[in-house]
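Notes for the one structure printed next.
Residue numbers start at 1 and run along the sequence shown.
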Amino acid sequence: IFFQLNVANNQLTESLPFSLTRLRTLAGISVSGSNMGGELPAFAGPQGALQLIFFNDNDFTGDLERMLSTIPTATFRGMTLRGTMVGGSIPSSIANFQQLQWFFVGNTYLTGTIPSQIGDLGSTLEVFDVSQ
């Protein structure tokens with residue numbers, strides 16, 4: 001059984017519990033607009049079921065590439081980190097997410113260039129937003 005956690009638009013001010021993000025049955029997580037903070041979490045890895053992440057409008061910090069390395073590339077479909085304090089760069093490994101449909105990382109602290117490998121995602125990618 002897979003499940004989704006939705007605690008969006010609350011006044012939660014702590015970081016996500018480590019045990020929650022390590023659940024292999026977690027398919028989606030939404031904490032948008034909840035004033036949460038701390039480091040971006042590490043997820044269950046390639047054995048996990050994670051498909052969707054909604055972390056926008058929170059105080060998360062940390063490195064995007066590190067978090068992406070803990071997300072299953074075979075099932076992951078989209079994320080929004082818009083309006084967070086996430087840094088680092090968009091890694092070329094983004095092309096490994098063959099089911100990726102949307103990727104919203106605008107209004108963050110990301111630096112660098114958009115990797116050319118983004119073109120390898122073919123027809124699945126619908127939105128790639130890095131606007132400020």
Stepwise side chain to side chain donor-acceptor pair (under 3.5 Å) test for Q99 and R77 = CA-CA 5 Å; Q99 301 301 314; R77 295 186 297 131; over 6 Å; no
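- Residues L26 and F3 are in side-chain contact: their nearest non-hydrogen atoms beyond the backbone lie under 4.5 Å apart.
- Taken from CG in L121 to CD1 in I94, the straight-line distance is 7.0 Å, to the nearest 0.5 Å.
- Distance check, rounded to the nearest 0.5 Å: OG of S30 to CG of L5 gives 8.0 Å.
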Candidate pair F60 and M36, rule side chain to side chain contact (heavy atoms under 4.5 Å, CB included), full reasoning = CA-CA 7 Å; F60 288 112; M36 294 190 87; 3.9 Å; yes
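- Contact between P115 and S92 at its shortest, heavy atoms only, is CB-CA, 3.9 Å.
- Heavy-atom neighbours of E14 CD from other residues, nucleotides or ligands within 6.0 Å: at or below the threshold of 12.
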In sequence, state the C-alpha distance, the side-chain angles, and the governing distance for V105 and F128, and then conclude on side chain to side chain contact (heavy atoms under 4.5 Å, CB included).
-> CA-CA 8 Å; V105 293; F128 187 83; 5.7 Å; no
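- Between M67 and L81 the shortest side-chain heavy-atom distance falls below 4.5 Å.
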Under the side chain to side chain donor-acceptor pair (under 3.5 Å) criterion, do N10 and S34 qualify, and how do the steps go?
-> CA-CA 5 Å; N10 284 291; S34 294; 4.7 Å; no
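- Panel note: side chain N58, backbone V31; a donor-acceptor pair is recorded below 3.5 Å.
- Using a 4.5 Å cut-off on side-chain heavy atoms (C-beta onward), Q101 and L125 make no contact.
- Of the inter-residue distances, the one linking M79 atom CE with L50 atom CG reads 8.0 Å to the nearest 0.5 angstrom.
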D59 vs M85, side chain to side chain contact (heavy atoms under 4.5 Å, CB included): CA-CA, chis, key distance, verdict | CA-CA 6 Å; D59 294 327; M85 294 184 277; 3.6 Å; yes
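- D120 places no side-chain N or O within 3.5 Å of a backbone atom of A95 that could act as its donor or acceptor partner.
- Between atom CD of residue Q51 and atom CD1 of residue I71 there is a gap of 12.0 Å, rounded to the nearest 0.5 Å.
- Closest non-hydrogen pair, P41 versus T70, comes out as O-OG1, 4.3 Å.
- Across T84 and N56, no two heavy atoms sit closer than the pair CG2-CA, 4.3 Å.
- Residues L110 and V130 are not in side-chain contact: their nearest non-hydrogen atoms beyond the backbone lie 4.5 Å or more apart.
- Side-chain contact between T73 and Q98: absent, with no pair of heavy atoms (C-beta onward) separated by less than 4.5 Å.
- Applying side-chain contact (heavy atoms from CB on, under 4.5 Å) to F103 and the options I118, I90, D129 leaves one that passes, I90.
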From CA spacing to verdict: side chain to side chain contact (heavy atoms under 4.5 Å, CB included), D63, L40 | CA-CA 7 Å; D63 184 73; L40 284 173; over 6 Å; no
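- Judged by distance alone, with hydrogens and angles left aside, the side-chain atoms of T21 form a donor-acceptor pair with the main-chain N or O of A42 at under 3.5 Å.
- Shown here for R82 and N107, the closest heavy-atom pair between the two residues is NH1-N, 3.7 Å.
- What you find for A44 and Q47 is that their closest heavy atoms are O-OE1, 3.7 Å.
- The line from CG of L12 to OG of S15 is 11.0 Å long, rounded to the nearest 0.5 Å.
- Hydrophobic cluster membership of V127, counting Ile, Leu, Val, Met, Phe, Trp and Tyr whose side-chain heavy atoms lie under 4.5 Å apart directly or via other members: L52, F54, W102, F104.
- Here L68 contributes atom CG and F43 contributes atom CZ; the two are 10.0 Å apart, rounded to the nearest 0.5 Å.
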